[in-house]
Peer 1: 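Can you keep this structure in mind? I'll have questions shortly.
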Protein chains: 2
Amino acid sequence: MPRTGLDPAAVVAAAAGLADEVGLANVTMGLLAKRLGVRAPSLYKHVDGQADLNRRIAVLALTELDDALRAALQGRSGREALAAAARTIPTYVVEHPGRYAATIRIDADGPGGPIVAAGARVLDSLSAVLAGYRLDPADTVHALRLLRSLFHGFAVLEAAGGFELDTDVGESFEWLIGFVDRGLTVTAATPHRREHHAGHEEGQR
Amino acid sequence: MPRTGLDPAAVVAAAAGLADEVGLANVTMGLLAKRLGVRAPSLYKHVDGQADLNRRIAVLALTELDDALRAALQGRSGREALAAAARTIPTYVVEHPGRYAATIRIDADGPGGPIVAAGARVLDSLSAVLAGYRLDPADTVHALRLLRSLFHGFAVLEAAGGFELDTDVGESFEWLIGFVDRGLTVTAATPHRREHHAGHEEGQR
DNA sequence: GGGGCTTGGCTAATGCTATTAGCTATAGGC
DNA sequence: GCCTATAGCTAATAGCATTAGCCAAGCCCC
C-alpha cells in the first residue's frame with residue numbers, strides 16, 4: 001500500500017470538485033475515496049467525518065467567493081462596484097453549485113469558527129461596495145443585509161432554475177442592479193430618516 | 001394488525017410536523033413510522049419513497065404559504081401590502097423551517113408538476129402586491145423576481161441565523177420594506193427606462 | 001349475513017451508507 | 001540503517017431506505 005501523499009487540503013479540493021459534478025448530496029465517502037484512489041476509511045485520517053468535510057468545503061467556497069469578489073471590485077466603485085459584485089455571486093454559484101450548497105447546509109459552527117470568519121470576509125467585501133455610496137452609518141447595516149439577502153436569494157433561485165417565466169434572467173438582473181443603485185443613491189442623499197417602526201416613537205422631531 | 005386508518009395526507013402532515021421539530025434531514029422513515037404508530041415499510045403504501053415525501057411536503061408548504069399570503073394581503077395595497085407580504089414569508093419560515101426547507105431541496109418536478117403549480121400560486125399572490133404600484137408591464141416581471149429573491153434570501157438567512165451583527169433584524173426589515181417601496185414608487189413614476197445592458201444600443205435616442 | 005377481493009399492515013431480507021477497531025508497512029528523522 | 005509516527009488497509013458494526021412476500025381486516029355485493 002503505497003503512500004498516496006494525500007492531505008486534508010487535497011481531500012477537500014477533491015470533494016469540492018465532486019460536489020460540483022454530482023451534487024453535494026451525492027458526495028459519499030466511498031465515491032470520494034475512489035476518486036482519490038484510496039479506500040473510504042482512509043479518508044478519516046485527513047478529515048473528521050462528513051460533517052467536518054462539509055464545513056471545510058464551505059470554508060473553501062466562501063474563501064474562493066471572497067477572492068472573486070475582491071478581484072471583481074478592484075478599482076471600481078459606486079454602481080460599477082455594485083454591478084460587479086452582483087454578477088460575481090451568481091456566476092460563482094452557477095459554476096460551483098456543489099461548493100455553494102455546502103455553505104448553506106452548515107450544521108452550526110461556533111462564533112469563533114472558520115466558517116464564520118470566512119463569511120465575515122465576504123461581508124467585508126460587500127461593505128466595500130457600499131462604501132462608494134457614502135451612506136449614513138446607521139443605514140449601512142441595513143443596506144448590507146439588503147445586498148446579502150438579494151444576492152443570495154437571486155443566486156439560489158437562478159441556480160435552482162426557479163425563474164420559470166421566459167423573460168431573460170440577465171435582463172432582470174440588470175434591472176435589479178439599477179433598482180438598487182438608484183435606491184442607494186437616494187438613501188445617501190436623504191440619510192437615515194428614521195422610519196417609525198410599528199408605531200413607536202412617532203410625534204416629536 | 002389493526003388498520004390505523006392512515007392516508008397519504010396524514011403521512012405528509014406528520015412528516016411536515018416532524019421536519020419542523022427535528023429538521024428535514026432528520027426525518028427518517030423509521031422515525032416517521034414510529035410517530036404514526038406503524039412500521040417503516042408500511043409508509044410505502046401511502047408514499048412513494050423519500051423523494052416523493054419531500055415533494056409532497058414542499059407542495060404542502062407552498063400551499064400553506066400561499067394561504068398565509070392571501071390572508072395577509074386581504075384589503076391591503078401599496079406599501080401596506082408589501083409590508084404584509086414581506087412579513088408573512090419570514091414568519092412562515094421561522095415557524096415551519098422544516099417544511100420550507102423541503103421547498104428548496106426539490107429534485108426537479110416537470111413543468112406540469114404540482115410543485116410548480118403551487119409555486120405559481122405564490123407568485124400570483126406576490127404579483128398582487130405589485131399591482132398596487134401600477135408598474136409598466138415591462139417592469140413587472142423584473143420586480144417580481146426582485147421580491148422573490150429578496151424575500152427568499154432574507155427568510156433563509158434569518159432562519160439560518162445568518163445575521164450575526166447585533167443590530168436588530170426587525171429594524172433592518174422595516175428599512176428594507178421602505179427601500180423597496182420607495183424604489184417601486186419611483187419606478188412606476190418613470191416607467192421602463194430601458195437600461196443599456198452591457199453596452200448594447202447606446203447612443204441614439 | 002357470508003364470500004371474496006382489495007389493501008394496509010406486518011416480518012424478513014438486501015444493499016448502501018458512515019464510521020470504528022485494529023493491523024501493516026512506509027517514509028522521514030536521527 | 002533503525003525507530004517511530006502514521007497513511008493506508010481489511011474487517012466489522014450499525015443505521016438507513018427500500019423490496020419481496022405474507023396475512024388479516026374490512027368493505028362490496030349477493
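Scope of the values below: all heavy atoms of this structure, side chains included, with no hydrogens, waters or symmetry mates. Quick note on labels: first sequence line is chain A, next is B, and so on, each numbered from 1. A quick note: this is a predicted structure, and the numbers were derived from the prediction, not measured.
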Peer 1: Can you tell me the distance, in whole Å, between the NZ atom of Lys34(A) and the P atom of dG8(D)?
Peer 2: 18 Å
Peer 1: Name the nucleic acid region contacted by Thr28(B), choosing base, sugar-phosphate or nothing; use a 4.0 angstrom heavy-atom cut-off, strictly under.
Peer 2: sugar-phosphate
Peer 1: I need the CG-P distance between Asp52(B) and dA17(D), as an integer number of Å.
Peer 2: 14 Å
Peer 1: Nearest whole angstrom, please: distance from the P of dA14(D) to the CE of Met29(A).
Peer 2: 20 Å
Peer 1: Would you indicate, yes or no, if dC10(C) has its OP1 or OP2 atom less than 4.0 angstrom from a side-chain nitrogen or oxygen of Ser42(B)?
Peer 2: yes
Peer 1: Hey, which of these two, Leu31(A) or Lys45(A), hits DNA chain C nearer its 5' end, going by closest nucleotide?
Peer 2: Leu31(A)
Peer 1: From the list dT19(C), dA7(D), dT19(D), which nucleotide is the closest neighbour of the side chain of Pro41(A)?
Peer 2: dT19(C)
Peer 1: Please confirm whether the backbone N or O of Ala102(A) pairs with a side-chain atom of Asn54(A), one donor and one acceptor, at under 3.5 Å?
Peer 2: no
Peer 1: Using a strict 4.0 Å threshold on nitrogen-to-oxygen distance, state whether Arg35(B) and Glu21(B) make a salt bridge.
Peer 2: yes
Peer 1: Closest approach to the side chain of Arg39(A), judged atom by atom: which nucleotide of dT10(D), dG8(D), dT18(D) is it?
Peer 2: dT10(D)
Peer 1: Starting at atom CG of Asn54(A), determine the distance to atom P of dT19(C), rounded to an integer number of angstrom.
Peer 2: 10 Å
Peer 1: Tell me whether Asp66(A) contacts the main-chain N or O of Ser125(A) through its side chain, where contact means a donor paired with an acceptor under 3.5 Å.
Peer 2: no
Peer 1: Which one, dG8(D), dA17(D), dT10(D), comes nearest to the side chain of Tyr44(B)?
Peer 2: dA17(D)
Peer 1: Could you label the plane-to-plane angle of the Trp175(A) and Phe179(A) rings as parallel, tilted or perpendicular, counting under 30° as parallel and over 60° as perpendicular?
Peer 2: parallel
Peer 1: If I take atom CG in residue Leu6(B) and atom P in nucleotide dG8(C), what distance separates them, rounded to the nearest angstrom?
Peer 2: 10 Å
Peer 1: Indicate whether OP1 or OP2 belonging to dT6(D) is found under 4.0 Å from a side-chain N or O atom of His46(A).
Peer 2: no
Peer 1: Can you tell me how far P of dA17(D) sits from CG of Leu32(B), to the nearest Å?
Peer 2: 10 Å
Peer 1: Taking atom C1' of dT20(C) as reference, at what distance in whole Å does atom CG of Asp48(A) sit?
Peer 2: 12 Å
Peer 1: Would you mind reading off the distance between Leu43(A) atom CG and dT6(D) atom P, rounded to a whole angstrom?
Peer 2: 18 Å
Peer 1: Using a strict cut-off of less than 4.0 Å between a Lys/Arg side-chain nitrogen and an Asp/Glu carboxylate oxygen, indicate whether Arg87(B) and Glu174(B) qualify as a salt bridge.
Peer 2: yes
